[in-house]
Amino acid sequence: MDRDELLNRMSDDVKQYADNVMDMYNAPFARMMGIEIVSLSKDEAVCEMELRPDLMNSMGRGHGAAIYGLVDHTFAILCNIAHPCTGSSSSINYYRPAQGRLRAICTPVNRSRSLEMYEVRVLSEEGKLVASATNTAFVLKG
């Protein structure tokens with residue numbers, strides 16, 4: 001995805017951060033995982049990822065670490081959009097086996113000067129809840 005395509009996926013309230021988001025999009029881990037940004041606003045990041053054969057577990061289902069990678073990167077995009085943050089904790093629950101294309105939707109729960117908390121929901125192609133997570137970020141100063 002190039003910068004113009006990214007801008008088309010961003011709402012007006014965050015377009016000024018396009019360079020920062022482009023850097024996150026191009027992170028080597030995200031590119032290796034195939035994570036794509038679907039849409040981005042101040043209060044929601046939506047990313048998708050296809051569960052390729054190399055992202056499956058020994059039972060032929062989406063590996064939990066691959067699902068978590070989608071969760072973590074979607075969370076990172078939203079919490080780092082306007083200022084630098086670093087993840088400080090994460091709790092994830094898995095509800096059903098995953099296959100195919102997954103969609104992660106990240107929304108803020110609470111934002112303050114030093115800590116931000118986000119919810120991430122991962123849905124299957126059929127719209128069924130595959131996993132949900134609560135992620136906390138520490139806001140970096142300076």
Side-chain angles (χ1 to χ4, degrees), residues 1-58 61-142:
M1 173 169 47
D2 64 18
R3 191 173 192 282
D4 289 336
E5 188 175 349
L6 175 64
L7 285 168
N8 287 330
R9 298 176 186 203
M10 298 175 76
S11 65
D12 289 339
D13 62 348
V14 293
K15 286 188 178 187
Q16 70 267 30
Y17 305 116
D19 291 337
N20 187 27
V21 176
M22 200 73 216
D23 288 344
M24 288 185 280
Y25 172 79
N26 284 319
F29 182 77
R31 298 296 15 100
M32 183 272 301
M33 295 286 291
I35 297 171
E36 295 295 327
I37 298 170
V38 175
S39 63
L40 183 59
S41 70
K42 181 179 150 259
D43 292 319
E44 183 181 81
V46 179
C47 293
E48 290 185 347
M49 178 183 75
E50 183 72 31
L51 285 171
R52 306 179 311 251
D54 61 322
L55 299 177
M56 298 298 190
N57 64 23
S58 62
R61 298 180 182 106
H63 196 288
I67 297 166
Y68 180 77
L70 175 62
V71 164
D72 189 57
H73 198 70
T74 305
F75 152 69
I77 288 170
L78 191 57
C79 76
N80 281 287
I81 194 165
H83 51 261
C85 293
T86 189
S88 64
S89 70
S90 181
S91 174
I92 189 166
N93 294 300
Y94 298 94
Y95 303 105
R96 60 181 35 88
Q99 294 181 355
R101 190 158 197 79
L102 299 180
R103 175 175 282 221
I105 303 164
C106 180
T107 55
V109 174
N110 187 62
R111 290 172 167 152
S112 69
R113 288 180 294 178
S114 57
L115 288 176
E116 297 186 355
M117 183 175 283
Y118 295 84
E119 176 187 56
V120 183
R121 297 170 50 88
V122 179
L123 306 174
S124 68
E125 291 177 270
E126 297 80 25
K128 293 187 177 188
L129 187 63
V130 171
S132 65
T134 303
N135 296 45
T136 304
F138 182 75
V139 179
L140 300 173
K141 305 291 186 217

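All residue numbers in this chain count up from 1 along the given sequence. A quick note: this is a predicted structure, and the numbers were derived from the prediction, not measured.
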If you count heavy atoms of other groups shown closer than 6.0 angstrom to [atom1] of [X], is the number above 12?
{"X": "Arg121", "atom1": "CZ", "answer": "no"}
{"X": "Arg113", "atom1": "CZ", "answer": "no"}
{"X": "Lys128", "atom1": "NZ", "answer": "no"}

Query raised in the report: Which of these passes side-chain contact (heavy atoms from CB on, under 4.5 Å) with Lys42: Asp13, Ile81, Asp12?
Result: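 So the option named by the test is Asp13.
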For the residue pair [X] and [Y], what are the closest heavy atoms and their distance?
{"X": "Ser112", "Y": "Val139", "result": "O-CG2, 4.1 Å"}
{"X": "Glu36", "Y": "Tyr25", "result": "OE1-OH, 3.0 Å"}
{"X": "Met49", "Y": "Ala66", "result": "CE-O, 3.5 Å"}
{"X": "Glu116", "Y": "Cys85", "result": "OE1-SG, 4.1 Å"}
{"X": "Cys47", "Y": "Ile77", "result": "SG-CD1, 3.8 Å"}
{"X": "Leu78", "Y": "Glu44", "result": "CD1-N, 3.9 Å"}

So, the side chain of [X] versus the backbone of [Y]: is there a donor-acceptor pair under 3.5 Å, distance only?
{"X": "Asn80", "Y": "Ala76", "answer": "yes"}
{"X": "His63", "Y": "Tyr68", "answer": "no"}
{"X": "Arg101", "Y": "Ser124", "answer": "no"}
{"X": "Arg9", "Y": "Ile37", "answer": "yes"}
{"X": "Arg31", "Y": "Ile35", "answer": "yes"}

Requested in this report: Decide yes or no on salt bridge (Lys or Arg N to Asp or Glu O under 4.0 Å) for Glu48 and Arg103, but give the supporting numbers first.
Outcome: CA-CA 4 Å; Glu48 290 185 347; Arg103 175 175 282 221; 2.6 Å; yes
Requested in this report: Dump the intermediate steps for side-chain contact (heavy atoms from CB on, under 4.5 Å) on Val122 and Leu129, then the final yes or no.
Outcome: CA-CA 6 Å; Val122 179; Leu129 187 63; 5.9 Å; no
Once rounded to the nearest 0.5 Å, what's the spacing between atom [atom1] of [X] and atom [atom2] of [Y]?
{"X": "Met22", "Y": "Leu6", "atom1": "CE", "atom2": "CG", "value": "6.0 Å"}
{"X": "Met117", "Y": "Ser88", "atom1": "CE", "atom2": "OG", "value": "8.0 Å"}
{"X": "Leu70", "Y": "Thr74", "atom1": "CG", "atom2": "OG1", "value": "4.5 Å"}

Any [X] side-chain heavy atom under 4.5 Å of [Y] side chain:
{"X": "Leu55", "Y": "Met33", "value": "yes"}
{"X": "Asn135", "Y": "Glu119", "value": "no"}
{"X": "Leu115", "Y": "Thr136", "value": "yes"}

Requested in this report: Check the pair Thr134, Val109 against side-chain contact (heavy atoms from CB on, under 4.5 Å), reporting the backbone distance first and the verdict last.
Outcome: CA-CA 9 Å; Thr134 303; Val109 174; 5.7 Å; no
Report task. Take Ser132 and Tyr95 through the test side chain to side chain donor-acceptor pair (under 3.5 Å) and record every step on the way to the result. Result -> CA-CA 8 Å; Ser132 65; Tyr95 303 105; 2.6 Å; yes
Query raised in the report: Is the Lys NZ or Arg CZ of Arg111 less than 6.0 Å from the centre of Tyr118's six-membered ring, within 45° of the axis?
Result: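 So Arg111 doesn't make the cation-pi contact.
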Query raised in the report: Checking side-chain contact (heavy atoms from CB on, under 4.5 Å) for the pair Leu40/Val46: CA distance, chi angles, key distance, verdict?
Result: CA-CA 6 Å; Leu40 183 59; Val46 179; over 6 Å; no
**Report entry** Worked verdict on Leu140 versus His83 for side-chain contact (heavy atoms from CB on, under 4.5 Å)
**Finding:** CA-CA 8 Å; Leu140 300 173; His83 51 261; over 6 Å; no
